[in-house]
Amino acid sequence: MILQLPQGSSMRHRDFVFGVATASFQIEGARAQRLPCIWDTFCQVQGNIADGTNGDVACDHVNLWQSDIELIANLGVDAYRLSISWPRVINVDGSVNTEGMQFYLQILDALNAKNIKVFVTLYHWDLPQHLEDKGGWLNRNTAFKFQEYVEQVVETFGDRVYAYATLNEPFCSAYLGYEIGIHAPGKTGRKNGRQAAHHLLLAHGLAMQVLNQRSPKTLNGIVLNFTPGYALSDSSADKLATIAANDYHNYWYASPVLSGEYPPFIYQLPLDERPDVLPGDMEIIHQPMGFLGVNFYTRAVYQADKEQFFKEVSLSNVKRTDIGWEIYPQAFTDLLLELQQRYELPDIYITENGAAFDDCIEQGEVNDIKRIDYYQQHLLAIDKAMVQGVNVKGYFAWSLMDNFEWAEGYSKRFGIVYVDYATQQRTVKQSGQAFKRFIEESKS
């Protein structure tokens, strides 16, 4: 099976960026060479991780980075999106861990030597544990600690980076980590979730001030994940519930960074569940951005609920990925058009899109035709939005390789490269080969 775009697609333009993405905790390993982070602690609690594993070794990327970069280059991509491990590069006292910084400098130099654009994510969920011990993202001071860390990174990396994203998916850090507790650090409560979200957004704004001042030549922005909500029925109650759900899960993060205010749903929350917003905070959060990273995987369906503001419904008889997410590419088109309608947008990069399937390797090959079909449908969904005027500049497949999939451990495989965790051998799946051919053909 092949991946293909319409002949006149704007995604076939030579300037359109195709890439692959990873995150530090998910692939690096080498735990002993960095400070503990909240995910190390979370993994130690029995029952938190589906298969009882941790990120101590992961894909051993710290030791295998050179061959991994060769792998990336051989895929023919224009760009590689990686994240920096805050606990690997900054010591407890705030000074630079030279060894940790050197690890990333080697990677950046190797990628630049191969003319691969480097998209750096500054925070992909691995908060240093010593900051969590002081309250983590519930502590306003963590936002300022993040700003200091970003200053150190930008100063060290110099002109090696093409684009910086402040945060990856603050929804996951705040809602999953501090509100419902299924991600690190495992805290719960609506007030906690809303407060963590606010401090994460504040950290974004403070970091953007640094990036725009000290790294004005890089593309600077944020990466947000969106799971568009659809009403179960045409009833006004279900429609109102869905508006509330979209405000709560999607626009809670997009509206502050793009328009400087929280969505109207904030005023439906009881006063004691709203975040503490200090004067000037929204101005800090609402910084000029060079790009918005959009991560998309699936949609959600909602109905009205007497106990809560909305209730998510699981539909039967729909196609799903191995992680249980519905395959609904039309939602991708709808989302991009909705964003364009709601906001004055910077350039958009699709920073994550992909699917988990139960891959197995047979005679040295992984025939993941379902993943190829997923990519095909979603590339066409983006193209449909672009035809209607949405300014998408790039697309990153999630992910480069199978890795530690957070609360799922190693039980879910998202990679276009198969990883045998016992031997650390990498095998390019059929989807990876299709992606390579697709890029070659698109650029021809």
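Position 1 is the first residue of the sequence; numbering continues from there.
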- List the steps and the verdict of salt bridge (charged side-chain N to carboxylate O under 4.0 Å, His left out) for K443 and D78. CA-CA 10 Å; K443 303 288 183 179; D78 305 302; 3.2 Å; yes
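- Between F414 and W325, the ring-plane angle classifies as tilted under the 30° and 60° cut-offs.
- Between Y251 and P264, every side-chain heavy-atom pair lies at or beyond the 4.5 Å cut-off.
- Residues passing the side-chain hydrogen bond (donor to acceptor under 3.5 Å, both in side chains) test with E326, sequence neighbours excluded: R299.
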- Message: Quick one, D51 with Y410, criterion side-chain hydrogen bond (donor to acceptor under 3.5 Å, both in side chains). Give me CA distance, side-chain angles, the key distance, then yes/no.
- Response: CA-CA 7 Å; D51 59 4; Y410 298 97; over 6 Å; no
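- The aromatic rings of F42 and W39 lie perpendicular to each other, with more than 60° between the two planes, well past the 30° mark.
- Residues meeting the ring-ring contact (aromatic ring centres under 6.0 Å, His included) test with H378, sequence neighbours left out: F296, Y374.
- Pairs of residues two or more places apart, or lying in two chains, that qualify as salt bridge (charged side-chain N to carboxylate O under 4.0 Å, His left out) and include a residue from residues 272-289 are R140-D281, R190-E273, K191-D276.
- Considering CD of E312 and CG of L232, their distance stands at 11.5 Å, rounded to 0.5 Å.
- Annotation: the span from M11 atom CE to M386 atom CE amounts to 6.0 Å, rounded to 0.5 Å.
- The structure places CG of N225 at 12.5 Å from OH of Y175, a figure rounded to the nearest 0.5 Å.
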- Task: Run the numbers on T22 and Y80 for side-chain hydrogen bond (donor to acceptor under 3.5 Å, both in side chains), then give the verdict.
- Result: CA-CA 8 Å; T22 63; Y80 174 48; 2.7 Å; yes
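- For the salt bridge (charged side-chain N to carboxylate O under 4.0 Å, His left out) test, no residue two or more places apart in sequence or in another chain qualifies with K311.
- Among pairs with a residue in residues 376-389, none fulfils salt bridge (charged side-chain N to carboxylate O under 4.0 Å, His left out), at least two apart in sequence or across chains.
- Not a single salt bridge (charged side-chain N to carboxylate O under 4.0 Å, His left out) links E405 to another residue, sequence neighbours left out.
- In the displayed structure, E155 atom CD is contacted under 6.0 Å by at most 12 heavy atoms of other residues, nucleotides or ligands.
- Put simply, the side chain of Y149 reaches to within 4.5 Å of the side chain of V89, judged on heavy atoms.
- Distance alone, capped at 3.5 Å, places no donor-acceptor pair between the T218 side chain and the N220 backbone.
- Side chain of D368 to main chain of S431: a donor-acceptor pair is present (N/O by atom type, distance under 3.5 Å, no hydrogens or angles).
- A distance of 12.5 Å separates CG of D358 from CD1 of I323, quoted to the nearest 0.5 Å.
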Donor-acceptor contacts under 3.5 Å from residues 108-117 side chains, at least two apart:
residue : atom : partner : partner atom : Å
D109    : OD1  : R160    : NE           : 2.8
N112    : ND2  : L108    : O            : 3.0
N112    : ND2  : R160    : O            : 3.0
K114    : NZ   : E70     : OE2          : 3.0

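- Ionic pairing of R342 and E338 is present here: one or more N-O contacts between side-chain nitrogen and carboxylate oxygen are shorter than 4.0 angstrom.
- The shortest distance between side-chain heavy atoms of E28 and F103 falls below 4.5 Å.
- You'll find the side chain of N295 stays beyond 4.5 Å of the side chain of L224, heavy atoms only.
- Listed by first and then second residue, the salt bridge (charged side-chain N to carboxylate O under 4.0 Å, His left out) pairs that reach into residues 206-234 come to none, sequence neighbours excluded.
- In this structure, F396 and Y349 have tilted ring planes: the angle between them lies in the 30° to 60° band.
- Relative orientation of the F265 and F309 rings is perpendicular, given thresholds of 30° and 60° on the angle between their planes.
- Annotation: the span from L292 atom CG to Y343 atom OH amounts to 9.5 Å, rounded to 0.5 Å.
- Relative orientation of the Y262 and H198 rings is tilted, given thresholds of 30° and 60° on the angle between their planes.
- A distance below 6.0 Å separates the ring centres of H249 and F310.
- Note: F404 and W406 have perpendicular aromatic rings, judged against thresholds of 30 and 60 degrees for the angle between ring planes.
- Residues meeting the salt bridge (charged side-chain N to carboxylate O under 4.0 Å, His left out) test with D359, sequence neighbours left out: R371, K429.
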Donor-acceptor pairs under 3.5 Å, side chain of residues 119-128 to any protein atom, not counting sequence neighbours: which ones?
residue : atom : partner : partner atom : Å
T121    : OG1  : R81     : NE           : 3.2
T121    : OG1  : R81     : NH2          : 3.4
Y123    : OH   : W125    : O            : 3.3
Y123    : OH   : L127    : N            : 3.4
Y123    : OH   : W137    : NE1          : 3.1
H124    : NE2  : N168    : ND2          : 3.1
W125    : NE1  : N168    : O            : 2.9
D126    : OD2  : S24     : OG           : 2.9

- Item | Chi angles and distances behind the side-chain hydrogen bond (donor to acceptor under 3.5 Å, both in side chains) call for R194, Y248 | CA-CA 10 Å; R194 297 306 95 185; Y248 197 75; 3.3 Å; yes
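- Considering only heavy atoms from C-beta on, F226 stays 4.5 Å or farther from F332 through its side chain.
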- Evaluate side chain to side chain contact (heavy atoms under 4.5 Å, CB included) for C59 paired with Y421, printing each intermediate quantity in order. CA-CA 7 Å; C59 302; Y421 297 113; 4.2 Å; yes
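- Cation-pi geometry between R413 and F357 is not satisfied (NZ or CZ under 6.0 Å from the ring centre, within 45° of the ring normal).
- For the residue pair D238/S233, the side-chain donor-acceptor check at 3.5 Å is satisfied.
- Looking at Y297 and E352, their side chains do bring a donor and an acceptor atom within 3.5 Å of each other.
- Scanning for side-chain hydrogen bond (donor to acceptor under 3.5 Å, both in side chains) contacts around Y302 gives an empty result, with sequence neighbours left out.
- Looking at residues two or more places apart in sequence or on another chain, you find no ring-ring contact (aromatic ring centres under 6.0 Å, His included) involving Y104.
- Looking at heavy atoms from C-beta onward, V428 lies out of side-chain contact with N74 at the 4.5 angstrom threshold.
- Annotation for L202 and I284: closest pair CD1-CG2, 3.9 Å, computed over non-hydrogen atoms.
- Rounded to the nearest 0.5 Å, atoms CG (L200) and OG1 (T166) are 9.5 Å apart.
- Around atom CD of E440, more than 12 heavy atoms belonging to other residues, nucleotides or ligands sit under 6.0 Å away.
- Residues S442 and L5 form a side-chain contact, since some pair of their non-hydrogen atoms from C-beta on lies under 4.5 Å apart.
- Between W252 and I266, the closest side-chain pair of non-hydrogen atoms falls below 4.5 Å.
- In this structure, K187 places its NZ atom where more than 12 heavy-atom neighbours from other residues, nucleotides or ligands lie under 6.0 Å away.
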